[in-house]
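Have a look at the structure below before the remarks.
Sequence lines set the chain letters: A, B, ... in the order given, protein chains first and strands last, and positions in each chain run from 1. Everything numeric in this text was worked out from a predicted model, so none of it was measured.
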There are 2 protein chains.
Amino acid sequence: MRFYIYVIDYVNMSRTTIHDIAKELNTTAATVSRALNDHPSISAATKQSVREAAQKLNYQQNRVASSLRLGRTNVLGVVIPSADISFFGSVIHGIEKVAKAHGYNVILFQTNEQYEDEVQGIKTLLQSNVDGIIASISKETTNYDHFREVKDRNIPLILFDRAIDSLGVSTVVIDDYKGAFMATEHLISQDYTRIAHISGPPHIQIFHDRLRGYVDALAAHHIKVDEDLITYGKVSIDSGRSCAEQLLQLPNRPDAIFAVEDFTALGALQAIKESPWHRPGEIGLVGFANEAFSAYITPSLTTIDQQTAHMGEEAAKIFMELRQNTTVTETAPQKVVLEPLLIARQSSTRPKPKKKSLKASTIVP
Amino acid sequence: MRFYIYVIDYVNMSRTTIHDIAKELNTTAATVSRALNDHPSISAATKQSVREAAQKLNYQQNRVASSLRLGRTNVLGVVIPSADISFFGSVIHGIEKVAKAHGYNVILFQTNEQYEDEVQGIKTLLQSNVDGIIASISKETTNYDHFREVKDRNIPLILFDRAIDSLGVSTVVIDDYKGAFMATEHLISQDYTRIAHISGPPHIQIFHDRLRGYVDALAAHHIKVDEDLITYGKVSIDSGRSCAEQLLQLPNRPDAIFAVEDFTALGALQAIKESPWHRPGEIGLVGFANEAFSAYITPSLTTIDQQTAHMGEEAAKIFMELRQNTTVTETAPQKVVLEPLLIARQSSTRPKPKKKSLKASTIVP
DNA sequence: CTGAAAGCGCTTACAG
DNA sequence: CTGAAAGCGCTTACAG
């Protein structure tokens, strides 16, 4: 009887290269490379045998070597404040999806809303020779030289959501004005007439745009804007709650609230539920952002969807177009403005009038 | 008067290399390289002048070239089902944070729970010469050869959350058994006695562990396990709802449900709210995962927090240790088990007995 | 249809 | 303390 013992020395086992394949087939690395890249001047027979040998030797292309030679990496750099914020997680999802479909990988860099980290991130990505960068600017950033550097190096740059027009690069944003207009108009269509707005810090562009959309929607429907019904919160659950409490205590209280974003709306909802007008839709409520929780709270929250994954996809698609352009053609930057989507749910649905305590009858026995 | 016109030809402007710096200073690329890498045998004066020239010429190291030469990339590959799931977004956040602190970049690859995509992702990362891979296995995956390939190539592999012991690689998981035990014990402490469990596909380790924790907690408190009260769902809202509906129709119905994760719990909650036992806590409910929505639904959901960002950080830290090890030392795989945290909320809080319709009195006038 | 050779930009053992 | 040379693994213009 015999024992066969196979010892594989991983330590000294270096990875298969095209030279190993060439040696195996008594040909050259050039031929192997061409065969693997399906070069037209290589015979079918050669391609076949090269592929078989590659398989047999478990060959994997070394993309680092390929990148160095080709001068491109097939890597897309993404710079965002944090992957831990669902909005950005969703955008990354869209970016990576499109990137993968085009043979690109995604390097992720988080800034944590810090300017220094953002500068560092851009620098690292440039060193890594990424073929393009998609970014959402940190809240703290006021100097944009690092983004100009990207532009100067002729590397496609696309900004999403938090974009700066003055940089002259392509951008993907959602139409906040229109989203707010739709939200307000929706409440009007539900026969709400005294519609309040809980806004955010007015110096932030998107909040300002939403306020404008609210005001214009009222005007479009000949509803007078009542300054008393506009409050400025701090974009949080607690702030939404206290703003709503104030609004509901007004002598001439609102019959609906449009909140600047979903967390504010959530706080407002708490205040509404604790008020005498706590039945779903009795005081209409619309948020903005379609956060993960908004479909699941009670009542479910009507809100504006920002098409977050779509935003990422669009940004990646713009990159795919930009990379085609030879550097000679200076094309004008693209500006994609996504359509907001109204997601109508219970929080803005008027309760059926007349019939009282319908509730019990809806219960499945 | 004179006009100075600076014309910079970006098209033909190729990036500065160490050779450009060397030419500028009448020295060689070798010296420049050593100076930039702070090699001890280079004089302080030379280092100084090289750094100045590098700055002046706006030099950025080409990491691709460096990687090819050094045989390592300082890139960590991360393979997850989807960045759009808050759990994974949070884990990536933790991974990237630690990676960055050690000079590593993160390449992200999403599998969308598809086996084929997972295989492709691993292959791409290997081709990209990542220095290590952190992954969470797709639900669909039952063949693990692609992970063995990573191991065989001697590339550090760390699995998190959805890990497989048989692969013999380092893992970071939360103690699912203990979390389920805590969840069940919590229900028992709230005087629930007929506690049902909606599990997930039993071949998935974490779901199996949670089932065990549930069973053992009952046993520890001398409550007989009733097979009728254990159902196997598909880990979704709809599945949770229909499983709960079934459970509630049993002749001897449960008075509490421990759901295998929060979406299942959410569906179960819908079923409970439509049942005759719809008052908060009347039928106790606990989920698992502390999803974004769980704090905000009504009633708020008691659940088990998995310390997601911490999980990512731990995985990245293990990598940082593994990479130190020379390939000669075959160290045993590490197994980090994180402590689950019980987050007690309304869904498992017993309604006050005796007093009826207390509700109205809690409303602030 | 295939091969020999050069080169992408870096790092480092070897020599001085 | 610095330089000349080789090489990481690939791709491709050029030659045959």
*Remember a base hit wins even if backbone is also touched, and classify B:Ser67 as base, sugar-phosphate or nothing at under 4.0 Å, heavy atoms.*
nothing
*Could you tell me whether A:Ser66 contacts a base, only the sugar-phosphate backbone, or nothing, with contacts defined as non-hydrogen atoms closer than 4.0 Å?*
sugar-phosphate
_From C:dT12, C:dT2, D:dC10, nucleotide with atom closest to B:Ser33 side chain_ = C:dT12
*For residues B:Asn58 and A:Glu149, report the shortest heavy-atom separation together with the two atoms involved.*
ND2-OE2, 3.0 Å
*So, are B:Glu118 and B:Lys123 salt-bridged, with charged N and O less than 4.0 Å apart?*
no
_Minimum heavy-atom separation for A:Ser138 and A:Thr111, please, with both atom names._
CB-OG1, 3.9 Å
*Kindly point out which of D:dG9, D:dC10, C:dG3 is positioned nearest to the side chain of A:Tyr59?*
D:dC10
*Mind checking the C1' distance from D:dG16 to D:dT12? Whole angstroms is fine.*
16 Å
_Between A:Ala30 and B:Leu70, which residue's closest nucleotide on DNA chain C lies nearer the 5′ terminus?_
A:Ala30
_The single option from A:Ile134, A:Leu108, A:Thr308 passing side-chain contact (heavy atoms from CB on, under 4.5 Å) against A:Ile92_ = A:Leu108
*Is B:Ser41 touching bases, backbone alone, or none of the nucleic acid, heavy atoms closer than 4.0 Å?*
base
_What I want to check is whether an N or O donor and acceptor connect the side chain of A:Arg34 with the base of C:dG3 at under 3.5 Å._
yes
*Quick one: does A:Arg15 reach the base of D:dG9 with a side-chain donor-acceptor pair under 3.5 Å?*
no
